[in-house]
Amino acid sequence: MEMKDTLNLPITDFPMKASLTQREPEMLAHWEKEELYKKIRQSAKGKPKFVFHDGPPYANGHIHMGHALNKLLKDFIVKIMSMKGFDSGFIPGWDCHGLPIEHQVGKKLKEKKLSLEKSEIRKQCRIYAQEFVDIQKEEFKRLGVLADWENPYLTMNYSYEATIVREFGKFVENGLVYKGLKPVHWCTSCQTALAEAEVEHADHTSPSIYVKFPVQSGIPQAMAGLSSLYMVIWTTTPWTLPANLAICLHPEFNYVAVSHGDDTYIVAEELLPSLVTEWELRDYKVLGSCKGAEWENAVCRHPFIDRESKVILGEHVTLEQGTGCVHTAPGHGQDDYIVGLKYGLEPYNPVNNAGVFVPEVEHFGGMFVRKANPEIIEKLRQDGFLILAVDIKHSYPHCWRCHQPIIFRATNQWFISMDKKDLRKNALAGIDRTKWIPEWGRERIYSMVENRPDWCVSRQRAWGVPITLFTCNACGEFVNSSELFQRIAEGVEQHGADFWFDTEDLLPQGTVCQCGGKEFSKESDILDVWFDSGVSHAAVIESNPELHWPTDLYLEGSDQHRGWFHSSLLESIGTRGKEPYKAVLTHGYVVDGKGKKMSKSAGNVIAPEKIIDQYGAEILRLWVASENYREDIRISNEILKRLTESYRKIRNTLRYLLGNLHDFDYSEDHVPVEDMLELDRYILYRFNVLRDKILTAYEKYEFHVFYHSFSNFCVVELSAFYLDILKDRLYTYPVKSHGRRSGQTALHILMMGMVRLMAPVLSFTSEEVWACLPRKSVDEESVHLSQFPEPTNVSFDDALVTKWEFLVDLKREVSKALEISRREKVIGHSLDASVKLELPEKYQSLVESDELKYIFIVSEVELVDDVGTEGNVYESDSLAGVKVFSKMHSGKKCERCWNYFAPDTQAGKANGEICLRCEGHLQATGA
RNA sequence: GGGCCUGUAGCUCAGUUGGUUAGAGCGUCCGCCUGAUAAGCGGGAGGUCGCAGGUUCAAAUCCUGCCAGGCCCA
């Protein structure tokens, strides 16, 4: 083994085993102690700004994969911008108000059998939200996300709440806010109106009933003379019948009169066959037919209430189910409400907050609506107005929190009008001024804004920011005073939202309404939480003189086209006439290995915590970078296993670079690029190509391009090609020889470049590498304080590129040839081989015969005109005309460099066990 | 039911304006090495490009339908 001692083998303390789960927390503690984030911010002072705005996750529950994906993408971007020379920070935020938290707190209180004042509930909610802010904060930090964790924005901070009050005040002043009676999704259990986002659809069993409405007058000409006429309606919500005010027909459909026994039913012609089957009609006769339009202004009688039901026309009537005659209760349905407006029908709603009929309702007053269903059916049956009642299972809206079926119910709500002041039109223009990544995001949000109804911003709940309005008891108008809003906002800034609820005499004494009214009531509703987060651009960005408004980038999951992107847009356009962001990036959802969504019931949920405990956050980071997040992205144990292996390869490559730089001091030992060996210049040229590719990918936020190209570079260009070839020089040449120093210079440049290119993604490992670098080589204490590498000025012209690309291809062909000999047990190691190479003339100018053996890592290469046909001859497919003959070298294996040599001419003069080359090297070293 | 999106080897990704036997890395299998060693190197096998039609001299690439999946709605 004495020859081994004369070699320059790699030496490094950088461990092969990553031990991420142990090392990461240590590094995080180090970063925190050194206040790394602060230092990055300080070092960026004066640079051009890139303003990113973090969307606030809801402060409830632990983080899941979606959160991890989202925050890591943001972390990549902020780090990238910072290393590109921008002043770019990360102010994290949380969404704290709203029903889900109030609900959780409510449950806790219920368990303790406590019922509290609203102000106490708010206090409890605040504590609850803060708890989860703290929990999630630690979970996000653990991912290696560098952000201003000390100073996050919380929508429940007093100053933030004050901003909400002020922003809402702007809408009021601008005349976009109105109070209206409108059917909204209503949860009778939570006793609140629900936003569309708060409604989920699930299967539900409902009665499906057909009800006869006697026609009283206005029978069309075509039906004249027919008696006992009944319009037949279909509904799955019998409880809405007490609120029936009309029956709606499609003007273009044909309606037939069908006699059955003593009755004659009016139904849509196209639906008759299916109805005949469903109702099991045996003897029936079609007596007449006419367009729905001819029925307009006819009048029916309500089957059990002393009231008329008008026949009206509407385009929303379909032939998919029912009878084509649509039971219309304008207080209980969106379509009903809209068509009712046309015909001057009031949005009549006889159901209270708890879903109970008001006492005035005949027969059913005081009854809960779903309890009333069977009673109403029974009443109809007894009175002979029921044709059929069965149960059906169908998709029905449910409350997203309590999962109870909800109802549609007209209530007094506060709205922001989409059209009164052109909010919709202006928002659409704003969408067109924004860059959507991917581009289809534009389509998506555009059609949502185009079609959405007015924004219902009121909630009948406790945990939120109040709608700070006073309404005149006499006329119902609200007091619109900017000074008043200002005063309230100041109070909220000091004391929080409770200021509104708890302070008496907010209204200046002697306030008189325009109508003369002197009595006012204080609004007790709170604002939709989407309004809260929608003002973040004002509370967090605009108010901060260090940042610029509008923001450069928002980045959230694709669900936020309806959520935060949407509410932020409307809020900003409504108050400032301008969109709050320049670009919006969306990512897909995390799904399981088969592409199915994760759910508790499917049992396929993978928690970030588990991955961190098992593999380390670095693997999670690499996972985010490896997948194309613009689509749904998969995660599974197999994927993580593959990534871990890939990570190991990257890590080992870096470790090898470090190991071979242990005796290299760049300032003293480096070889000027122009003096470096051609192979070394070639790899630097290749690294320049890689660098460009990665920086371009970062520019476009295409992180998977980084992962693939970086990993490929490590595997293909470095490990299998360059480093393998370089070993001979690094190990056997004299320490300070030009050949070795030339290679080390290349390794040093690669090392310094790679560690910085990977830092935004592999933030832990790059820092670990950084710490191992000679202090002389690095100016910054952390890789995250450094900038991306400049390209190396290596002149490598097209001819050289062609040559080296050919040599790479040729090496692969030689390897195939060697494999034949190896398979036949002629050789083992490639250095055992002696190779004869036949090249077509066009390739001959590309090769220099004495360097080939080192590139192929064989002991001898002879260029010949004809390799002949004897022995192991390999003919290349990909390089036409290239033939390789390989055999066991007939000489002696050098004990030192393992190359074979001819004993008579190439042996060392003093020691015949080593070759002449090694002898020279040993002498030069003085050994 | 509607809007938007996705579907290329076991896994993650490439595939330029439609144009030669669809590429890469990992994994797998086989082998080598023992001077990156719980490492390193080489080679082989793997895809009717979700399915079915259509346009075209030519389709993974364009069109239609269907199937599967995701987000958002009804």
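Chain letters run A, B, ... following the sequence lines, proteins first, then strands; residues in each count from 1.
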Roughly how far apart, to the nearest Å, are [N] and [M] at atom [atom1]?
N     : M     : atom1 : answer
B/G27 : B/A39 : P     : 11 Å
B/C72 : B/A14 : P     : 24 Å
B/C66 : B/C4  : P     : 15 Å
B/A60 : B/G15 : C1'   : 8 Å
B/G31 : B/A58 : C1'   : 42 Å
B/U34 : B/C41 : P     : 15 Å
B/A74 : B/C57 : C1'   : 48 Å
B/A9  : B/A45 : C1'   : 11 Å

Candidates [options] - which lies nearest the side chain of [X]:
X        : options             : answer
A/Trp440 : B/C5, B/G42, B/A36  : B/C5
A/Arg634 : B/U12, B/C32, B/A36 : B/U12
A/Glu638 : B/C11, B/U12, B/G3  : B/C11

- Do A/Arg444 side-chain and B/C71 base share a donor-acceptor contact under 3.5 Å?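 It does, because a donor-acceptor pair links the side chain of A/Arg444 to the base of B/C71 below 3.5 Å.
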- Query: Is a donor-acceptor pair below 3.5 Å formed from side chain A/Ser719 to base B/A36, judging by atom type as modelled?
  - Reply: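 Check passes, donor-acceptor contact within cut-off.
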Is [Y] paired with [X] through a side-chain N to carboxylate O contact shorter than 4.0 Å?
X        : Y        : value
A/Asp432 : A/Arg442 : yes
A/Glu919 : A/Arg896 : no
A/Lys816 : A/Glu819 : no
A/Arg740 : A/Asp728 : no
A/Asp559 : A/Arg562 : no

Would one find a side-chain N or O of [X] under 4.0 angstrom from OP1 or OP2 of [N]?
X        : N     : result
A/Lys816 : B/G43 : no
A/Arg655 : B/U37 : yes
A/Lys641 : B/C26 : no
A/Lys17  : B/U37 : no
A/His829 : B/G42 : no
A/Tyr589 : B/G69 : no
A/Lys825 : B/C32 : yes

Both distances below 3.5 Å, Watson-Crick or wobble geometry, any strand: find the nucleotide opposite [N].
N     : value
B/U16 : none
B/A60 : none
B/C71 : B/G3
B/U21 : none
B/G31 : B/C41

- Message: Could you tell me how far apart A/Tyr656 (OH) and B/A39 (C1') are, to the nearest whole angstrom?
- Response: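 Roughly 11 Å, once rounded to whole Å.
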- Item | side chain to side chain contact (heavy atoms under 4.5 Å, CB included) partners for A/Glu443, two or more places apart |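 Side chain to side chain contact (heavy atoms under 4.5 Å, CB included) check on A/Glu443 returns nothing, list empty.
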- Query: Within the side chain of A/Asn604, is there an N or O that forms a donor-acceptor pair under 3.5 Å with the backbone of A/Lys597?
  - Reply: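 Pair found, side chain donor or acceptor close to backbone of A/Lys597.
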- Message: By a 5.5 angstrom centroid cut-off and a 30 degree plane limit, is there stacking between A/Trp898 and B/G35?
- Response: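 It does: the two rings, one from A/Trp898 and one from B/G35, meet the stacking criterion.
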Which part of the nucleic acid does [X] contact within heavy-atom distance under 4.0 Å: base, sugar-phosphate only, or nothing?
X        : answer
A/Arg630 : nothing
A/Asn652 : base
A/Gly659 : nothing

- Query: Sequence neighbours excluded, which residues qualify as salt bridge (Lys or Arg N to Asp or Glu O under 4.0 Å) partners of A/Asp877?
  - Reply: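 Salt bridge (Lys or Arg N to Asp or Glu O under 4.0 Å) list for A/Asp877, sorted by chain: empty.
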- Item | Nearest-nucleotide comparison on RNA chain B, the residue closer to the 5′ end among A/Ser558 and A/Ala720 |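 The residue closer to the strand's 5' end, by nearest nucleotide, is A/Ala720.
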- Query: Can you tell which of A/Arg642, A/Lys649, A/Lys641 makes a salt bridge (Lys or Arg N to Asp or Glu O under 4.0 Å) with A/Glu645?
  - Reply: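 When A/Arg642, A/Lys649, A/Lys641 are each tested with A/Glu645, the salt bridge (Lys or Arg N to Asp or Glu O under 4.0 Å) holds only for A/Arg642.
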Under 3.5 Å between N/O atoms: give me all the protein pairs with nucleotides 23-25 of chain B, atom names plus distance.
from  : atom 1 : to       : atom 2 : distance (Å)
B/A24 : O2'    : A/Asn712 : ND2    : 2.6
B/G25 : O4'    : A/Asn712 : OD1    : 2.8

